[in-house]
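As structure tokens, the structure follows; a few thoughts come after it.
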2 protein chains.
Amino acid sequence: MSTPDTATSKSPAGIRDVAALAQVSTGTVSNTINRPDTVHPRTRAAVEKAIAELGFVPNQQARVLTGASSNVIGLVVLDIESPFYMEAAHVIERTVRESGHVVMLCNSEGDTTRESGLLAMLAAQRVRGVLLAPASLDEDADPYKDLPGDLPVVLLDYNGGPEHCSISVDNVAGGRLAIEHLLQLGHTRIAVVGGPTGLRQFADRAQGAREAIIAAGMDPEVSLIEVSTSGIGIQDGRRAAELLLEGDSPDAVFCGNDMLAFGVYRGLIDAGLSVPEDVALVGYDDIDFARDWVVPLTSVRQPIDKLGTRAARLLIEHSAREDSHTHRQEVLPPELVVRRSTDLRAPAQH
Amino acid sequence: MSTPDTATSKSPAGIRDVAALAQVSTGTVSNTINRPDTVHPRTRAAVEKAIAELGFVPNQQARVLTGASSNVIGLVVLDIESPFYMEAAHVIERTVRESGHVVMLCNSEGDTTRESGLLAMLAAQRVRGVLLAPASLDEDADPYKDLPGDLPVVLLDYNGGPEHCSISVDNVAGGRLAIEHLLQLGHTRIAVVGGPTGLRQFADRAQGAREAIIAAGMDPEVSLIEVSTSGIGIQDGRRAAELLLEGDSPDAVFCGNDMLAFGVYRGLIDAGLSVPEDVALVGYDDIDFARDWVVPLTSVRQPIDKLGTRAARLLIEHSAREDSHTHRQEVLPPELVVRRSTDLRAPAQH
DNA sequence: TTTAAAAAATGAACCGGTTCAAAATTCTCG
DNA sequence: CGAGAATTTTGAACCGGTTCATTTTTTAAA
């Protein structure tokens, strides 16, 4: 409106338009943009003026087509609303930005069909590579065997074996950590609210819980009450709590993630119990909310920062030297963050 | 590994490779992909076989280059971790998917410099269009006047005037709703915890609060205690609560968003007050957590669903017929959701 | 002033698809 | 069987940048 847009208001200016206006060749324009030091200052100024005048924006598509590698990185998560994945996305976005890349965020919604559709789309898009938090959790068959083209992929939060790069957190160790903490505090009837059977991460955490009980010389059949839920949200936790309170109440509850823990908390409060006096509560993930919850939540922290940065860097590296690349699997250790939901003496802030 | 990859393991197969293998011309391959009904069944079969054999994935970049419109839509939000924007992103992703598009999610982190960088990048990427939740909230100067190229943009949650398409929610009305509710319940000393001065949304909500007080024939100077915060997170709310409790305690608090409300809740609880008995509490946004909070939170709901779907559809439409397009501004009404944080009689679930 | 070397600019070919006018093939029907 | 119509197939040109061998200009040295 205010800028009269001197010339073409039809289609966005191309490099040839710029070349014509600046009275140089297209090669020179290209050089001005990509190798400014190889072009004479006077010429450069003229070209830059023309670029500004036309509002010329180089077409990235065309650029990639000629061999330049794309600066887009795909990120496929299985739940775009889960705080855990969002924090991860944030870290990844930041890391990736430092090297001039951008993230294309996609949501598989835990659906393997959608997931492979997205992978195909990202391959068609010729993205630089993909960070994939897999929806498919079949252990036997490797579902990522035949990826479209030779799309570089790094699995996120899931160890897919030696055929893939991956960064994951040791979920079994995490489960163990939680239970060891509760045992140390003297709890003997511990409930485990693990998400849906079939989600590997959650199964592993429950497995760790069992191992810890056994290592302490106790019988899981007696001291461990396992409950599975259909989802991994607050409501699911709440229902789990109701279920637990029907039988012999546990004196501690370990939840497969923080959202479940929040739900369990509500269920306990509604039943007139208090945390941690009557029941101790441990979550998993240590999302931001855990620290700020009414009763700050003890939680097994996944090192999201490391997870995200490592994964992003690994992918960029991987996609840089396409061949002669050996897949690498990194497994990070989780860490227990003790707060008041298990220990009243814990500082109010952390 | 299992697939020996007969031919080229060097660079991903191109349309000419397919044509050669199927013994047809490139045009026929293109037709097989895009207009299958115009090619003879026998030929089609041969081409499809070749495509499968080579693992051919059409290069989307090249496709776009020849004029096809991109299927990528940019989404720029100012806080990737904010539940509100994530819920919006989810809705948008879903809507956009239905028409075969994908979302490229970017985080401006409230920084206008980063924001324009992202817009330039999206323009270079030749995305179909951009949904922008603006970081720049200057009212006077229109900061989106000279967008790179003729990138179609729809402003999200912000009315940018007649020069832009936008979908927003009436924040003034929202503020009014909240206060009217509190007045109706008989509260007379109402605090308003509005975020940072300078964030328009928040300023508008506070403005609505003032209007409601005046409309009720009261004096804002007397009945309204306004507090501003430096951020819009839980911690900021908590600090605001501490500040409020130093002076004459209010009997109700209206917060600029739900996160602030959660923080205020913690501050109140820590000071030995209870909600809603001692102080009523109203949030804004009605994020998922509000319903599941320990004391379910009364909140002014932004119709995120509508916001997201409308915005996405408007953008696609806008970007379809580039010219002869008149900018449209839609303003959606907010809605009050009453829960126990203001009214004990509210049902436990909603 | 001449000449060799360095610096700058050029422009056609190319990336990998799509398009479309023209050519080749198949079908219809007198 | 042959003409005309309908259906398929073809392939060169194009999209908008980049590349790089070549040409042109400038600079430095003799």
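These numbers come from the heavy atoms of this one structure, side chains and all, not from hydrogens, waters or symmetry mates. Bear in mind the structure is a predicted one, so any value in this text is a computation, not a measurement. Proteins come first, then strands; the chains are lettered A, B, ... in the order of their sequence lines, and each starts at number 1.
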_Considering every strand and a 4.0 Å limit on heavy-atom distances, what is the contact class for A/G14: base, sugar-phosphate, or nothing?_
sugar-phosphate

_Along DNA chain D (nearest heavy atom to each residue), the more 5'-positioned of A/I33 and B/S25_ = B/S25

*Could you tell me whether A/V29 contacts a base, only the sugar-phosphate backbone, or nothing, with contacts defined as non-hydrogen atoms closer than 4.0 Å?*
nothing

*Mind checking B/V24 for me? I need base, sugar-phosphate or nothing, with any heavy atom below 4.0 Å counting as a touch.*
sugar-phosphate

*For atom CZ of B/R16 and atom P of D/dG11, their distance in whole Å*: 12 Å

*Report the distance from atom CZ of A/R328 to atom OG of A/S166, rounding to the nearest 0.5 Å.*
10.5 Å

*asked:* Please determine whether a side-chain nitrogen or oxygen atom of B/T28 lies at a distance below 4.0 Å from atom OP1 or OP2 of D/dT10.
replied: yes

*Is a side-chain donor or acceptor of A/R128 paired with a backbone partner of A/I316 at a separation under 3.5 angstrom?*
yes

_Looking at every heavy atom in both A/P162 and A/Q329, which two are closest together, and how far apart are they?_
CA-NE2, 3.4 Å

*Qualifying residue, where the test is salt bridge (Lys or Arg N to Asp or Glu O under 4.0 Å) with B/E330 and the options are B/R310, B/K306, B/R313*: B/R310

_Distance check needed: C/dG11 P versus A/Q23 CD, whole Å only._
12 Å

*How long is the line joining CZ of A/R63 and C1' of D/dC15, in whole Å?*
16 Å

Can I get a per-line list of side-chain donor-acceptor pairs under 3.5 Å for residues 65-77 of chain B, giving both atom names and the distance, sequence neighbours left out?
residue : atom : partner : partner atom : Å
B/T66   : OG1  : B/R63   : O            : 2.8
B/S70   : OG   : B/V72   : N            : 2.9

*Taking NE2 from A/H40 and P from C/dA6, how many angstroms apart are they, rounded to a whole number?*
19 Å

*asked:* What is the distance, to the nearest angstrom, from the CG atom on B/D37 to the C1' atom on D/dT9?
replied: 15 Å

_DNA chain C: 5'-proximal contact among B/R42 and B/A68 (nearest heavy atom)_ = B/A68

*asked:* So, does A/T66 get its side chain near the phosphate of D/dT18, meaning an N or O under 4.0 Å from OP1 or OP2?
replied: no

*Do A/R97 and A/E93 sit within salt-bridge range, that is, some charged N less than 4.0 Å from a carboxylate O?*
yes

*With sugar-phosphate meaning primed atoms plus P, OP1 and OP2, does B/R35 contact a base, only sugar-phosphate, or nothing at under 4.0 Å between heavy atoms?*
sugar-phosphate

*Of the nucleotides D/dT18, C/dA9, D/dG11, which has the atom closest to the A/V39 side chain?*
C/dA9

*Calculate the interatomic distance between B/L65 atom CG and D/dG17 atom P; express it in whole Å.*
8 Å

*Between the axis at one end of the helix from C/dT1-D/dA30 to C/dG30-D/dC1 and the axis at the other (five pairs apiece), what's the angle to 10 degrees?*
40°

*Distance, rounded to the nearest Å, where B/N31 contributes CG and C/dT18 contributes P*: 9 Å

*A/Q61 has an atom CD; how far is it from atom P of D/dT18, in whole Å?*
13 Å

*With A/K49, which residues qualify under side-chain contact (heavy atoms from CB on, under 4.5 Å), at least two apart?*
A/E53

